There are 2 protein chains.
Amino acid sequence: MQVITTECQTVEVKLTGNRKAVLLLLQQQQRPLSAYEIIDLLRPQIGRIIHPMLVYRCLDFLLEQHLVVKLVSVNKFMVLPEGATEPGQCLICERCQAVTFSQSSNPLQQQRRKIAASGFKLNQQPVEFHGICQACQKDDNK
Amino acid sequence: MQVITTECQTVEVKLTGNRKAVLLLLQQQQRPLSAYEIIDLLRPQIGRIIHPMLVYRCLDFLLEQHLVVKLVSVNKFMVLPEGATEPGQCLICERCQAVTFSQSSNPLQQQRRKIAASGFKLNQQPVEFHGICQACQKDDNK
DNA sequence: CACATTTTGTGATAATATAACATATCATTA
DNA sequence: TAATGATATGTTATATTATCACAAAATGTG
């Protein structure tokens with residue numbers, strides 16, 4: 001058993017070598033990675049073939065511990081930025097794939113409360129909005 | 001060229017046999033289907049092997065025409081219920097996979113305006129919330 | 001009709017994810 | 001410390017979702 005402290009929280013978990021490697025990678029990259037991107041980036045570090053199952057199992061664990069979130073609309077995994085304490089939202093650009101996370105603002109929190117009041121029990125993952133980011137809109141006008 | 005009228009809109013499109021079959025199936029089912037569910041359900045109707053490309057091409061076309069929406073977080077496709085005129089939201093149960101669509105309520109519309117004001121151009125797809133539906137919560141308590 | 005464009009048919013393959021089962025490691029306690 | 005049970009890892013195979021590439025057929029237009 002080991003204690004780990006992230007920007008967001010301190011948890012007592014079995015953070016084994018593989019799990020730690022995946023978590024550290026995601027923390028370093030500060031961007032969403034697909035499971036297979038993780039495999040490719042981890043390979044040089046670990047120095048042997050990495051089977052998908054290994055990575056998916058690490059990710060499952062880290063998701064359970066809320067150390068990592070999954071962007072279900074794009075099948076990618078990321079750590080939330082420092083200080084993120086609640087589900088929040090992600091804006092995902094369909095052109096350049098950039099993802100920007102931000103804390104829930106008032107209307108979204110209100111919406112979440114409304115949904116909860118209706119009896120539907122929301123999970124703690126960020127809500128994902130899709131569209132075109134400002135940079136890509138500018139590129140389109142050139 | 002053909003004119004088609006759905007509950008939501010009238011568009012002039014090349015609604016060929018395959019495309020019409022996919023659209024009708026989704027309208028009949030009134031629930032999200034995966035591409036491969038569509039293949040399986042369409043097979044008896046069409047009476048020969050259906051390649052995935054056929055279905056994905058029909059779906060691409062129907063998505064472009066906004067006759068169908070894709071639930072990106074679960075890789076399924078559905079027609080919006082009658083009278084749906086704006087993006088709205090879907091509540092997706094992670095236990096039983098039930099999906100309920102509803103029109104955007106005020107806070108969500110406000111949130112969308114906020115995002116738009118920040119310079120991010122939202123698409124017109126429903127926002128997808130994940131959690132556990134009321135029925136499944138009750139089942140859990142048994 | 002002739003020609004260009006769009007749609008369809010088909011095989012192959014890419015990308016994402018899980019099932020199943022054997023082996024190894026860790027934790028507990030007799 | 002050895003026995004035991006629980007947890008984690010290694011590995012193969014396979015399921016699921018989606019796209020590429022190219023040929024053939026159908027359709028629209030001058």
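Treat the numbers as computed from the prediction; the structure is a model and nothing was measured. So that the names make sense, note that chain A is the first sequence line, chain B the second, and so on, each numbered from 1.
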Could you list, one pair per line, each protein nitrogen or oxygen that sits under 3.5 Å from a nitrogen or oxygen of nucleotides 15-18 of chain C, together with the distance?
from: dA17(C); atom 1: OP1; to: Lys70(A); atom 2: NZ; distance (Å): 3.1
from: dA17(C); atom 1: OP1; to: Asn75(A); atom 2: OD1; distance (Å): 2.9
from: dA17(C); atom 1: OP2; to: Tyr56(A); atom 2: OH; distance (Å): 2.9
from: dA17(C); atom 1: O5'; to: Tyr56(A); atom 2: OH; distance (Å): 3.3
from: dA17(C); atom 1: N7; to: Tyr36(A); atom 2: OH; distance (Å): 2.8

Between Val69(B) and Leu80(B), which heavy-atom pair has the shortest distance, and what is it?
->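 Heavy atoms of Val69(B) and Leu80(B) come nearest at CG2-CD2, 3.7 Å.
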
Looking only at heavy atoms, what is the nearest atom pair of Ile39(A) and Pro52(A), with distance?
->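 Here Ile39(A) and Pro52(A) meet closest at CD1-CA, 3.7 Å.
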
Separation of [N] [atom2] from [X] [atom1] (nearest whole Å):
{"X": "Ile49(A)", "N": "dT9(D)", "atom1": "CD1", "atom2": "C1'", "value": "15 Å"}
{"X": "Leu54(B)", "N": "dT17(D)", "atom1": "CG", "atom2": "P", "value": "17 Å"}
{"X": "Gln65(A)", "N": "dT7(D)", "atom1": "CD", "atom2": "C1'", "value": "13 Å"}
{"X": "Ile46(A)", "N": "dT9(D)", "atom1": "CD1", "atom2": "P", "value": "10 Å"}
{"X": "Leu59(B)", "N": "dT8(C)", "atom1": "CG", "atom2": "P", "value": "13 Å"}
{"X": "Leu62(A)", "N": "dA8(D)", "atom1": "CG", "atom2": "P", "value": "12 Å"}
{"X": "Ile39(B)", "N": "dG9(C)", "atom1": "CD1", "atom2": "P", "value": "13 Å"}
{"X": "His51(A)", "N": "dT23(C)", "atom1": "NE2", "atom2": "C1'", "value": "13 Å"}

Check nucleotides 4-7 of chain C against the protein and report each pair of N or O atoms closer than 3.5 Å, with its distance, or say if there are none.
from: dT6(C); atom 1: O3'; to: Lys14(B); atom 2: NZ; distance (Å): 3.4
from: dT7(C); atom 1: OP1; to: Arg19(B); atom 2: NH1; distance (Å): 3.3
from: dT7(C); atom 1: O5'; to: Arg19(B); atom 2: NH2; distance (Å): 3.4

Please examine the side chains of Arg19(B) and Leu23(B), heavy atoms only from C-beta on, and report whether any two atoms are closer than 4.5 Å.
->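 They are not in side-chain contact.
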
Side chains of Gln65(A) and Leu15(A): closer than 4.5 Å at any heavy-atom pair?
->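 Sidechains of Leu15(A) and Gln65(A): no contact.
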
Please list all pairs passing the side chain to side chain donor-acceptor pair (under 3.5 Å) test where one or both residues lie in residues 113-129 of chain A, with sequence neighbours left out.
->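 Listed by first then second residue: Ser73(A)-Glu128(A), Asn123(A)-Glu94(B).
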
Can you list every pair that meets side chain to side chain donor-acceptor pair (under 3.5 Å) and has a residue in residues 40-52 of chain B, with sequence neighbours left out?
->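 Not a single pair qualifies under side chain to side chain donor-acceptor pair (under 3.5 Å).
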
Taking it one step at a time, do His130(A) and Val72(B) satisfy side-chain contact (heavy atoms from CB on, under 4.5 Å)?
-> CA-CA 10 Å; His130(A) 285 251; Val72(B) 286; 4.0 Å; yes

Base dG10(D) paired with Arg57(A) side chain (donor-acceptor, <3.5 Å) |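 By the distance-only test, yes, there is a pair.
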
Residues two or more places apart in sequence or in another chain: which of them pass side-chain contact (heavy atoms from CB on, under 4.5 Å) with Ser34(A)?
->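 Ser34(A) satisfies side-chain contact (heavy atoms from CB on, under 4.5 Å) with Tyr36(A), Glu37(A), Lys76(A) once adjacent residues are dropped.
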
Members other than Ile115(B) in its cluster, when Ile, Leu, Val, Met, Phe, Trp, Tyr link by side-chain heavy atoms under 4.5 Å?
->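 Once heavy-atom contacts under 4.5 Å are chained together, Ile115(B) belongs with Leu91(A), Leu108(A), Ile115(A), Phe120(A), Leu122(A), Val127(A), Phe129(A), Leu91(B), Leu108(B), Phe120(B), Leu122(B), Val127(B), Phe129(B).
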
